[in-house]
Amino acid sequence: MSDKKATLTVDGLDGSIELPVYSGTLGPNVVDVGALTGKGLFTYDPGFVSTAACESQITYIDGEQGVLLHRGYPIDQLAENSDYLETCYLLLYGELPNAAQQEHFVGTVKRHTMVHEQISTFFNGFRRDAHPMAIMCGVVGALSAFYHDSTDISDENHREVAAFRLIAKMPTLAAMSYKFSVGQPFMYPDNSMGYAENFLHMMFGNPCEPSNISPVLAKAMDRIFLLHADHEQNASTSTVRLAGSSGANPFACIAAGIAALWGPSHGGANEAVLEMLEEIGDVSRIDEFVSRAKDKDDPFRLMGFGHRVYKNFDPRAKVMKEAADEVLAELGIDNEPLLAIAKRLEQIALEDPYFIERKLYPNVDFYSGIILKAIGIPTSMFTVIFAVGRTVGWIAHWHEMISGSYRIGRPRQLYTGYPQRDYVSIDGR
Ligand code: CMC
């Protein structure tokens, strides 16, 4: 597998250690440090800044160039020419579908959109003001209690059915979490509709009237799902892989991914961006917020800026910005104040040495909230929508791991606690 080697010498250790170096099809070479444990050594890399945790063929990112490829296809080409379900097929199966494969895939997803009727009673256990991400963590994990015929991870058919169920049911559960919070009846899916259209129907429809979903909004929603579909080994995907490496069932693993996504450093940033833009409130206050972001004594960060991997424009942010312009124009919203603030903030930050030196560029979350707001999605649902879109990426990675050779994920540590000491009884402490 490898004809290159790295040689490591360590103070206090006789001789040197030869480590194999692997080359992928793209990207940096990878040093296999697996042999170190036999020499009494571990590597130390908090935050996994330099660690490849697995081999994968799904998604490639070049952070310096701002490139994102799904199975080799650039994200901007997919956003322009494909749709969410076709991209799901690509991520899961590795190739774009032909017409028959596409028809079969879309038809199968549609047949799985409804959730077990008892799941609707499950929602009543939540407080009415529960955050929809809290509800999603619970109900997605609970799917493992309802679909026993797709939890045997050693059965390829079970794994595939679990994938279909998750992709199909996430929009239904997401819309239910919203309907619950506003006290409206849950809407059943309408399988005559497209994926994104159906989601909007379940979000905004009501049983008294036929839904009338704007094709412009459905297309924008579909593009948002597509742009979030996968992003290689990010925190939530790595969480799904780690949970899955113990042999946990797919629904439990995806619930773990949802939990990891929720934080503001990851998927929760889209909600935080909109709150920040609203707090800024006016272009005249941007400088104040930029100064706060640069102040080391202030924990405030410019939400929607910076990325662990991208040291250039996030290519999804570029598409998202264009989409925001298009959607607002098509909806006839020609002076959305938050878009004006966002554009000016981006301009100011990109000219500021602090952001230039640290290579902090707008990320996917910077413009998505503006489109979601224009569509009428409440802010608390933004991260849920990210979760719906990312579900396919989580499953594709989980499936890639389970169908290959894998071991339970078990990181080691640099222990800096007490050395061994003897127990002291309570009267001696
Ligand atoms: N505003 C101000 N300063 C920042 C920001 C920001 N948004 N992001 C990073 N920095 C500074 C940080 O203070 C540090 O400065 P210094 O070197 O002087 O200490 C430097 O840039 C490097 O930051 P880091 O925290 O070491 O970088 P990281 O790779 O660990 O974190 C990040 C990446 C995305 C968590 C971070 O940039 C951030 O908190 N951004 C805001 C939240 C956000 O938009 N998250 C969405 C990420 S994209 C979608 C997704 O993954 O879900």
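Both ligands and their constituent atoms are indexed starting at 1 by order of listing.
No side-chain donor-acceptor contact under 3.5 Å links Thr87 and His70. A donor atom on one side chain and an acceptor atom on the other are found under 3.5 Å apart for Asp45 and Thr51. Side-chain contact, Ser403 with Arg159: no donor N or O sits under 3.5 Å from an acceptor N or O.
Taking the centre of each ring, Phe105 and Phe164 come in below the 6.0 Å mark. Here His231 and Tyr310 bring their ring centres to under 6.0 angstrom of each other.
In this structure, the side chain of Ser245 engages the main chain of Gly409 through a donor-acceptor pair within 3.5 Å.
At least one cation-pi condition fails for Arg223 and Tyr84: the charged atom is not both under 6.0 angstrom from the six-membered ring centre and inside a 45 degree cone around its axis. Judged by the 6.0 Å distance and 45° axis criteria, Arg71 is not positioned over the aromatic ring of Tyr73.
With Gly268, Ser265, Ala269 as candidates, the residue nearest to atom 47 (C) of ligand 1 on a non-hydrogen basis is Ser265. Considering Arg292, Lys296, Met276, Glu357 only, the shortest heavy-atom separation from atom 13 (O) of ligand 1 involves Lys296. With atom 30 (O) of ligand 1 as the reference point, the heavy atom nearest to it among Lys294, Arg308, His307 is part of Arg308.
Ligand 1 lies within reach of Tyr354, whose nearest heavy atom is under 4.0 Å from it. Ligand 1 does not have Phe366 within reach: every non-hydrogen atom of the residue lies 4.0 Å or more from it. Heavy atoms of His231 stay at 4.0 angstrom or farther from ligand 1. At least one heavy atom of Pro264 sits under 4.0 Å from some atom of ligand 1.
Using a 4.0 Å cut-off between heavy atoms, Arg358 contacts ligand 1 through its side chain alone, with no backbone atom that close. With a 4.0 Å heavy-atom cut-off, ligand 1 is reached by no atom of Asn234.
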Could you give me the CA-CA distance, side-chain angles and deciding distance for Glu346 and Tyr367, then say whether side chain to side chain donor-acceptor pair (under 3.5 Å) is met? CA-CA 10 Å; Glu346 177 189 325; Tyr367 283 106; 2.3 Å; yes
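Counting only heavy atoms, the protein never gets under 4.0 Å from atom 22 (C) of ligand 1. For atom 27 (O) of ligand 1, the protein comes within 4.0 Å by no heavy atom at all.
Checked by distance only, ligand 1 and Leu302 come closer than 3.5 Å through their nitrogen or oxygen atoms. The shortest N or O to N or O distance between Phe355 and ligand 1 is not below 3.5 Å. Not one N or O of Lys311 is nearer than 3.5 Å to an N or O of ligand 1, by distance alone.
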